[in-house]
Number of protein chains: 2
Amino acid sequence: MNIGQAASASGVSAKMIRHYETTGLIPKAARAYSGYRRYDERDIHTLRFIRRARTAGFSTAQIKKLLSLWQDRQRPAREVKELASAHLSDLQMRIAELQTIAHALTQLIAHCHGGERPQCPILDNLAGDDSAPRGELR
Amino acid sequence: MNIGQAASASGVSAKMIRHYETTGLIPKAARAYSGYRRYDERDIHTLRFIRRARTAGFSTAQIKKLLSLWQDRQRPAREVKELASAHLSDLQMRIAELQTIAHALTQLIAHCHGGERPQCPILDNLAGDDSAPRGELR
DNA sequence: GCTTGACCTTCCAATGATGGCAAGGTTTAG
DNA sequence: CTAAACCTTGCCATCATTGGAAGGTCAAGC
């Protein structure tokens, strides 16, 4: 299998497969005489693992760890759970931050008439004019 | 006021003030004889506006638009509302995506014993082994 | 056998927002 | 006069990903 097939079979772009190779996330691929990279089913399996982990928002550093745990038959599930839990905390923090912003923005938008007149609580708030707060973007 | 004072007065780092200048988000600052950038209260006001907009997650492109609307006394509030609404939709989509991931991860973590044994539903799921799904990371 | 198009190779650059460092000029207080 | 604190420009790094350019390889059709 060449890199193009590996890409469509795994859902990881050829570009990224090469990138993962140079950054050491995956080992160097075998090469045909032509110099083309060759991939087998095991490689595809690994690439799919990586794609799923990326979709789940793990960083490449975390994925590196996950891959080594995956390949270690002796791994304690504890380590995987810790890594995943750390990532989950991260996600929850980011979600909370975004929600805070979204709520504030929702309030401001609700109070903006949205017509042709210039008066606008959204701009007023961004400008720091607190006379009509309602969901501060601070 | 020099750039350092402008930075601490506005909450925007000196680095970013220069960056905003080179990218055209703010006009080129006046210069003292020495070559130092000079800032007045209006500049600070603008920088604070930018900082709040960034905190609210607006991109620099959106902030550019917001700034021009802010400075246009004739703007229709409609335009501001549309821009903010588009950003809010963005935020809500990102929140929803993150929540989907967080939920799936929560399930998987809940089902991982986290002990010293190697068996782990988190890795199984990432590997594509659906025998014990519960929150797919797909 | 040759051409064409699809595929592959490497390398370099850009994204967006920010931080960091380096080498050098300026200002200000002591 | 000197030292500290500030400023200048410029370049590099982050993170994951995409894009392009220039060139080599392969398979199919004529």
Side-chain angles (χ1 to χ4, degrees), chain A residues 1-26 28-40 43-44 47-67 86-87 90-91 93-94 97-98 101, chain B residues 1-26 28-40 43-44 47-67 87 90-91 94 97-98 101:
Chain A
M1 235 194 273
N2 287 338
I3 200 170
Q5 273 114 52
S8 46
S10 67
V12 179
S13 74
K15 216 76 178 167
M16 287 312 292
I17 296 178
R18 294 193 195 97
H19 179 66
Y20 290 151
E21 182 179 313
T22 63
T23 56
L25 186 60
I26 54 178
K28 290 187 183 176
R31 298 290 184 128
Y33 270 99
S34 59
Y36 286 15
R37 290 176 180 78
R38 317 280 1 242
Y39 297 91
D40 61 21
D43 298 323
I44 304 305
L47 287 170
R48 278 203 264 253
F49 182 100
I50 293 172
R51 181 182 52 79
R52 294 201 185 93
R54 285 273 337 121
T55 303
F58 287 99
S59 69
T60 26
Q62 289 173 318
I63 295 177
K64 202 162 196 168
K65 195 84 213 295
L66 283 172
L67 277 174
H87 177 45
D90 247 47
L91 284 175
M93 252 184 50
R94 293 204 334 250
E97 285 169 5
L98 293 181
I101 298 173
Chain B
M1 237 193 271
N2 287 338
I3 200 170
Q5 273 113 56
S8 46
S10 67
V12 179
S13 74
K15 210 72 178 172
M16 289 310 296
I17 296 177
R18 293 193 195 98
H19 180 66
Y20 290 151
E21 182 179 313
T22 63
T23 57
L25 185 61
I26 54 177
K28 291 187 184 176
R31 300 288 184 128
Y33 271 99
S34 59
Y36 285 16
R37 290 175 181 79
R38 318 282 358 244
Y39 297 91
D40 61 22
D43 298 322
I44 304 304
L47 288 170
R48 278 203 265 252
F49 182 100
I50 292 173
R51 179 181 53 79
R52 293 202 186 94
R54 286 268 344 116
T55 303
F58 287 98
S59 69
T60 26
Q62 289 173 318
I63 295 177
K64 203 163 194 165
K65 194 84 213 296
L66 283 172
L67 277 174
H87 177 46
D90 247 49
L91 284 175
R94 297 210 325 256
E97 285 168 5
L98 293 181
I101 298 172

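By convention in this document, chain letters (A, B, ...) are assigned in the order of the sequence lines, proteins followed by strands, and residues within each chain are numbered from 1.
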Ignoring hydrogens and geometry, is there a side-chain-to-backbone donor-acceptor pair from B:His87 to B:Ser59 under 3.5 Å?
no
What range of DNA chain D does chain B touch, first nucleotide to last, counting atoms under 4.0 Å from its heavy atoms?
D:dC6 to D:dG10
Is A:Arg18 near enough to C:dT9 that one of its side-chain N or O atoms lies under 4.0 angstrom from OP1 or OP2?
yes
When you measure from the side chain of B:Arg54 to the backbone N and O of B:Phe58, does any donor-acceptor pair fall under 3.5 Å?
yes
For every nucleotide of nucleotides 19-29 of chain C, 5' to 3': is a protein heavy atom under 4.0 Å from its base (B), only from its sugar-phosphate (S), or from neither (-)?
BBB---BBS--
Shortest non-hydrogen contact between A:Ile50 and A:Ile26, atoms and distance
CD1-CG2, 3.5 Å
For residues 14-22 of chain B, tabulate all N or O donor-acceptor pairs below 3.5 Å that involve a side-chain atom, not counting sequence neighbours.
unit_1  : atom_1 : unit_2  : atom_2 : d
B:Glu21 : OE1    : B:Ala29 : N      : 3.3
B:Glu21 : OE1    : B:Arg37 : NE     : 3.0
B:Thr22 : OG1    : B:His19 : O      : 3.0

Separation of C:dC7 P from A:Tyr39 OH (nearest whole Å)
16 Å
Flag, side chain of B:Arg31 to backbone of B:Arg38, donor-acceptor distance under 3.5 Å
no
Nearest-Å distance, OH (B:Tyr20) to P (C:dA17)?
7 Å
For a quick check of understanding: with a heavy-atom distance under 4.0 Å over all strands, which category does A:Arg38 fall into, base, sugar-phosphate or nothing?
nothing
Take the protein atom NE2 of A:His19 and the nucleotide atom P of C:dA14, then report the distance between them rounded to whole Å.
17 Å
Could you tell me whether the side chain of A:Asn2 and the main chain of A:Gln5 form a donor-acceptor pair under 3.5 Å?
no
Taking atom P of C:dT18 as reference, at what distance in whole Å does atom CD1 of B:Ile50 sit?
11 Å
Side-chain donor/acceptor of B:Arg48 to backbone N/O of B:Ala9, under 3.5 Å
yes
Yes or no on side-chain contact (heavy atoms from CB on, under 4.5 Å) for B:Leu67 and B:Phe49, after CA distance, side-chain angles and deciding distance?
CA-CA 8 Å; B:Leu67 277 174; B:Phe49 182 100; 3.6 Å; yes
